[in-house]
Amino acid sequence: MSLIRWNPTRELAASPSELLSIQREMNRLFDTFARSDDEATGLSMWTPTVDIAERDDEYVVRMELPGVRKEDVRITIENNVLTIRGEKKQEQTVSDDAFRRVERSYGSFQRSFTLPVAVRADEIDAVAQDGVLTVQLPKAEEARPKQIEVKVK
Amino acid sequence: MLIRVAVPSLLDELINASERTIPTSPAVDVMENEIESVVVAELPGVAKEDIAVTFERNILTLSGERKAAQIPENTRVLLHEQRPRSFRRSLRVPHDVERTAISASLENGLLRIVLPKAETAKPRVVEVR
């Protein structure tokens, strides 16, 4: 199983996007309507958070995608690797709107997960509700736990 | 072996305790035009009835709780990044607001609060005679 818990601090390796997120946090500390600068840089990478649960017959993946339209999400499965990618687009606003504050991250995202056992690719189901995407992946028949009764003679 | 098991779980407990008590600060966008200000906050997975929005002395406060998802029996959690926790955010609005006309809606994990400007806060054109 190659799933590793996402640890934000581990990624603090001085990449520009991480520095930006620190700046964003600092901006939040000073809670005024002051315009934040990170929109000007155009760098807005983000990583949606994910829960993954396993049951006897399926995997359930829940990804937080607030404000992402379902037509902007693509889910693919290849060689047991589930990939969810898409884009969070900034909504159109009236031309005289002034942005006082931009903290939400926009742009494309992508996350991939290697599933431990085969799933039935043609029966994967995905539902978007309340800004949460839920993907259900039924396990292939041969991957499900089986109970075999052995008669004792 | 025992220590290797006990220490991480103790750390987990400490982290969980701090996450339960310290509210998170949801990301917000704020737009302003001549007639109103609009605040958009990201609250994925939060139910409408678990959100409170208040406005007092020009401070807009949104608070509430993201409740834990129901985990059915016979479920093993493989990855857990979405922690149930409370959230709270206050913003000072830099103009007078028509308080009775404030509205809030929740859609696709976004809470949108519209704060219409009071007459006194709207730009006024003065004609030169």
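Hydrogens, waters and symmetry mates play no part in the numbers below; they use all other heavy atoms, side chains included. Just so it is clear: chains get the letters A, B, ... in the order the sequence lines come, proteins before strands, and each one is counted from 1.
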> Kindly list each side-chain donor-acceptor pair under 3.5 angstrom involving residues 53-65 of chain B, sequence neighbours excluded, with atom names and distances?
{"unit_1": "N58(B)", "atom_1": "ND2", "unit_2": "V93(B)", "atom_2": "O", "d": "3.0"}
{"unit_1": "N58(B)", "atom_1": "ND2", "unit_2": "H95(B)", "atom_2": "O", "d": "3.0"}
{"unit_1": "T61(B)", "atom_1": "OG1", "unit_2": "S90(B)", "atom_2": "OG", "d": "2.9"}

> Counting only heavy atoms not in R55(A), do more than 12 sit closer than 6.0 Å to its CZ atom?
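Counting neighbours around CZ of R55(A), more than 12 heavy atoms of other residues, nucleotides or ligands fall under 6.0 Å, so yes.
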> Is it the backbone or the side chain of V40(B) that comes under 4.5 Å from a heavy atom of chain A, or both, or neither?
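Its backbone and side chain both get close to chain A.
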> How many angstroms lie between CZ in F109(A) and OG1 in T47(A), if you round to the nearest 0.5 Å?
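Taking CZ in F109(A) and OG1 in T47(A), the distance rounds to 10.5 Å.
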> Output the option from V68(A), L65(A), V50(A) having the highest count of non-hydrogen pairs under 4.5 Å with chain B.
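Answer, by heavy-atom pair count under 4.5 Å with chain B: V50(A).
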> For chain B, find which of G67(A), G131(A), P66(A), A53(A) contributes the most heavy-atom pairs closer than 4.5 angstrom.
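With the most close heavy-atom pairs to chain B, the winner is P66(A).
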> Does a side-chain N-to-carboxylate-O contact under 4.0 Å join E103(A) and R101(A)?
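Salt bridge: yes.
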> Please determine, among E36(B), R66(B), E107(B), the option with the most heavy-atom pairs under 4.5 Å with chain A.
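Among E36(B), R66(B), E107(B), the one with the most close pairs to chain A is R66(B).
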> Taking NZ, NE, NH1 and NH2 as the nitrogens, is one of them in K89(A) or D72(A) under 4.0 Å from a carboxylate oxygen of the other?
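Salt bridge flag = yes for D72(A) with K89(A).
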> Checking R62(A) against chain B: side chain, backbone, both or neither under 4.5 Å from a heavy atom?
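Interface part for R62(A): both.
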> Between A41(B), G109(B), P44(B), G45(B), which shows the greatest number of heavy-atom pairs under 4.5 Å with chain A?
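Of the candidates given, the most pairs with chain A belong to P44(B).
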